[in-house]
Amino acid sequence: MNTDNRQYNREHLFRGTILFLIFVLQSFTCQSQQNMITPPYLQKGDTIAILATARKNIDDNLKPTIDLLHSWGLEAVIGSTIGLDVNQLAGTDEQRAVDFQKQLDNPNIKAIWCVRGGYGTVRMIDLLDFTKFKQHPKWIIGFSDVTVLHNHLNTMGYKSIHGIMPVTIPRATPAAISSMKSSLFGEPLSYSVGPDKMNRFGTATGELVGGNLSILYSLLGSQSAIDCKDKILFIEDLDEYLYHIDRMMMNLRRNGCIENLKGIVIGAMTKMKDNEVPWGKNALEIVDDVTKKYNIPVIFNFPAGHIQDNRALIMGSTVTIDVNASGSTLTFKK
């Protein structure tokens, strides 16, 4: 065999090896996306940490939540960020990160319940080390600004719970509270919703991702951005201008998120604002306008978000949605 042939064979073998490694890596990535890790469900006697990752909580308002946890047979630990006051935030970014890290690393803490939303979680997310969390996964719970954590955990391959928070307990519906308990204790979870004239019919199964639309929009392009391919996207929002909703939805579409979805679940769009010159569509109509070209099922007015009936959603779980003339169902696969 001459030198040229040996060189050709070496190069061919090298290219083949590289292609094989790429295939293995892609297969592993796809498998990890389909097999999200479920933190251990809670048992009586377990402890939940309550802390702040964003807006401050300086009021004495946690007794209803602590009483609720006790009624479930759980204990509560109050984080050092509760009561801290730095302008809008519950302490500095470092203080909030240190508190979260402490509870994250403590194997005796089985869940972390963010006390409220607001803004600020994104300022501390890059200060966290999830090494010990991966050794002892636990539930991270909350909604609104906590979407930062839901999305970041999703990229790491872990489930989390989108639902009521300690400050919302006093005004939450019994159904919302019950759904949170079911999520934490691993009880069967499914929802039936009445018909809505805007619904688009169909059935789809996929991994549930998403959260607050404004936060999703702000995370695009970062290491915390979710992969939308073959997913079922949940969105909700609060106190936004209608043209902002349009801008965020258009960004999701232009980023290729919407065209790759299997379905959409739209929660509450609460306290939307308009300009002096009206936008011309409400928030739900905006979402419908941006997504109507895609042949996927869509549930409108799902009971989750900034409302009293904020039902728990296990983000990262495989769900099946069925939308028809008689209503909609969303069922979680165990």
Side-chain angles (χ1 to χ4, degrees), residues 39 42 45-130 132-133 136 138-150 152-153 160-172 176-177 180-181 183-184 211-212 214-215 218 224 238-239 270 305-308 310 312:
L42 270 57
D46 284 344
T47 301
I48 291 181
I50 299 174
L51 49 68
T53 61
R55 185 169 294 169
K56 63 189 178 185
N57 192 73
I58 57 176
D59 298 325
D60 183 14
N61 56 2
L62 295 182
K63 187 177 185 302
T65 300
I66 294 171
D67 289 345
L68 177 67
L69 292 177
H70 287 168
S71 74
W72 293 349
L74 302 174
E75 299 299 324
V77 166
I78 306 302
S80 59
T81 46
I82 302 301
L84 293 186
D85 185 354
V86 177
N87 299 316
Q88 292 186 15
L89 300 173
T92 65
D93 298 339
E94 291 74 17
Q95 286 174 317
R96 299 196 314 284
V98 166
D99 191 14
F100 198 92
Q101 190 73 58
K102 177 182 177 181
Q103 313 306 337
L104 203 63
D105 292 348
N106 186 345
N108 296 319
I109 299 297
K110 304 304 181 182
I112 297 175
W113 202 354
C114 299
V115 71
R116 67 186 314 152
Y119 170 75
T121 307
V122 73
R123 295 183 58 88
M124 53 155 272
I125 188 68
D126 294 326
L127 301 176
L128 299 176
D129 180 352
F130 287 89
K132 291 187 177 180
F133 169 84
H136 301 282
K138 60 193 67 180
W139 292 103
I140 309 298
I141 314 163
F143 74 107
S144 192
D145 195 60
V146 184
T147 297
V148 173
L149 289 164
H150 293 314
H152 195 80
L153 290 167
S160 56
I161 299 176
H162 180 286
I164 55 176
M165 294 188 286
V167 297
T168 66
I169 290 294
R171 58 182 182 275
I177 293 173
M180 176 59 70
K181 182 181 180 182
S183 299
L184 286 171
N212 182 265
S214 300
I215 302 299
S218 72
S224 302
L238 166 75
D239 196 29
T270 310
H306 288 78
I307 51 176
Q308 293 180 347
N310 182 14

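The two residues Met165 and Val146 come nearest to each other via the heavy atoms SD-CG2, 3.9 Å. When all heavy atoms are compared, the tightest approach of Ile82 to Ala52 is CD1-N, 4.0 Å. Arg123 and Leu127 get closest at one heavy-atom pair: O-CD1, 4.3 Å. In this structure, Ile50 and Ala76 approach most closely via the heavy-atom pair CD1-CB, 4.5 Å.
Panel note: side chain Ser144, backbone Gly117; no donor-acceptor pair is recorded below 3.5 Å. In this structure a side-chain-to-backbone donor-acceptor pair under 3.5 Å is present from Lys110 to Pro107. Of the possible polar contacts, none joining the Arg55 side chain to the Leu89 backbone as a donor-acceptor pair under 3.5 Å is found. Panel note: side chain Gln103, backbone Phe100; no donor-acceptor pair is recorded below 3.5 Å. The closest donor-acceptor contact from the side chain of Thr47 to the backbone of Ile109 lies at 3.5 Å or more, if one exists at all. Formation of a donor-acceptor pair under 3.5 Å by the Arg96 side chain with backbone atoms of Gly120 is found in this model. Under a 3.5 Å cut-off, the side chain of Lys138 and the backbone N or O of Leu104 do form a donor-acceptor pair.
The shortest distance between side-chain heavy atoms of Lys181 and Ile177 does not fall below 4.5 Å. Under the 4.5 Å side-chain criterion, counting only non-hydrogen atoms from C-beta, Leu68 is in contact with Ser71. When side chains are defined from C-beta on, Leu42 counts as touching Ile48, because their heavy atoms get closer than 4.5 Å. Considering only heavy atoms from C-beta on, Thr53 comes within 4.5 Å of Met124 through its side chain. Side-chain contact between Leu153 and Phe133: present, with at least one pair of heavy atoms (C-beta onward) separated by less than 4.5 Å. For the pair Ile112 and Ile141, the minimum side-chain heavy-atom distance is 4.5 Å or more.
The ring of His150 has its center no closer than 6.0 angstrom to the ring center of Phe143.
Summarising the geometry, atom CG belonging to Asn108 is positioned 9.5 Å from atom CG belonging to Asp46; distances are rounded to the nearest 0.5 Å. Separating the CD1 atom in Ile78 from the CG atom in Asn57 is a distance of 9.5 Å, to the nearest 0.5 Å. Taking CH2 of Trp139 as the start and CE of Met180 as the end, the distance is 10.5 Å to the nearest 0.5 Å. Rounded to the nearest 0.5 angstrom, Asn87 CG and Lys56 NZ are separated by 7.0 Å. The structure places CD1 of Ile169 at 4.5 Å from OG1 of Thr65, a figure rounded to the nearest 0.5 Å. Summarising the geometry, atom CG belonging to Leu149 is positioned 5.5 Å from atom SG belonging to Cys114; distances are rounded to the nearest 0.5 Å.
Taking the charged nitrogens against the carboxylate oxygens, Lys102 and Asp105 have no contact shorter than 4.0 Å, which rules out a salt bridge.
The 12-atom threshold is not exceeded at CD of Gln88, counting heavy atoms of other residues, nucleotides or ligands nearer than 6.0 Å.
Every side-chain hydrogen bond (donor to acceptor under 3.5 Å, both in side chains) that Asp145 has, sequence neighbours left out, goes to Thr121.
Looking at Asn212 and Thr147, their side chains never bring a donor and an acceptor atom within 3.5 Å of each other.
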Quick one: do Glu75 and His70 satisfy side chain to side chain contact (heavy atoms under 4.5 Å, CB included)? Show the steps, please. CA-CA 6 Å; Glu75 299 299 324; His70 287 168; 3.7 Å; yes
Run Trp113 and Leu184 through side chain to side chain contact (heavy atoms under 4.5 Å, CB included) and show every step you take. CA-CA 11 Å; Trp113 202 354; Leu184 286 171; 5.9 Å; no
Can Asn310 and His162 be said to form a side chain to side chain contact (heavy atoms under 4.5 Å, CB included), step by step? CA-CA 9 Å; Asn310 182 14; His162 180 286; 4.3 Å; yes
Check the pair His152 / Ser224 against side-chain hydrogen bond (donor to acceptor under 3.5 Å, both in side chains), numbers first and verdict last. CA-CA 4 Å; His152 195 80; Ser224 302; 2.7 Å; yes
Decide side chain to side chain contact (heavy atoms under 4.5 Å, CB included) for Ser80 and Gln95; before the verdict, give the C-alpha distance in whole Å, the side-chain angles of both, and the deciding distance to 0.1 Å. CA-CA 8 Å; Ser80 59; Gln95 286 174 317; over 6 Å; no
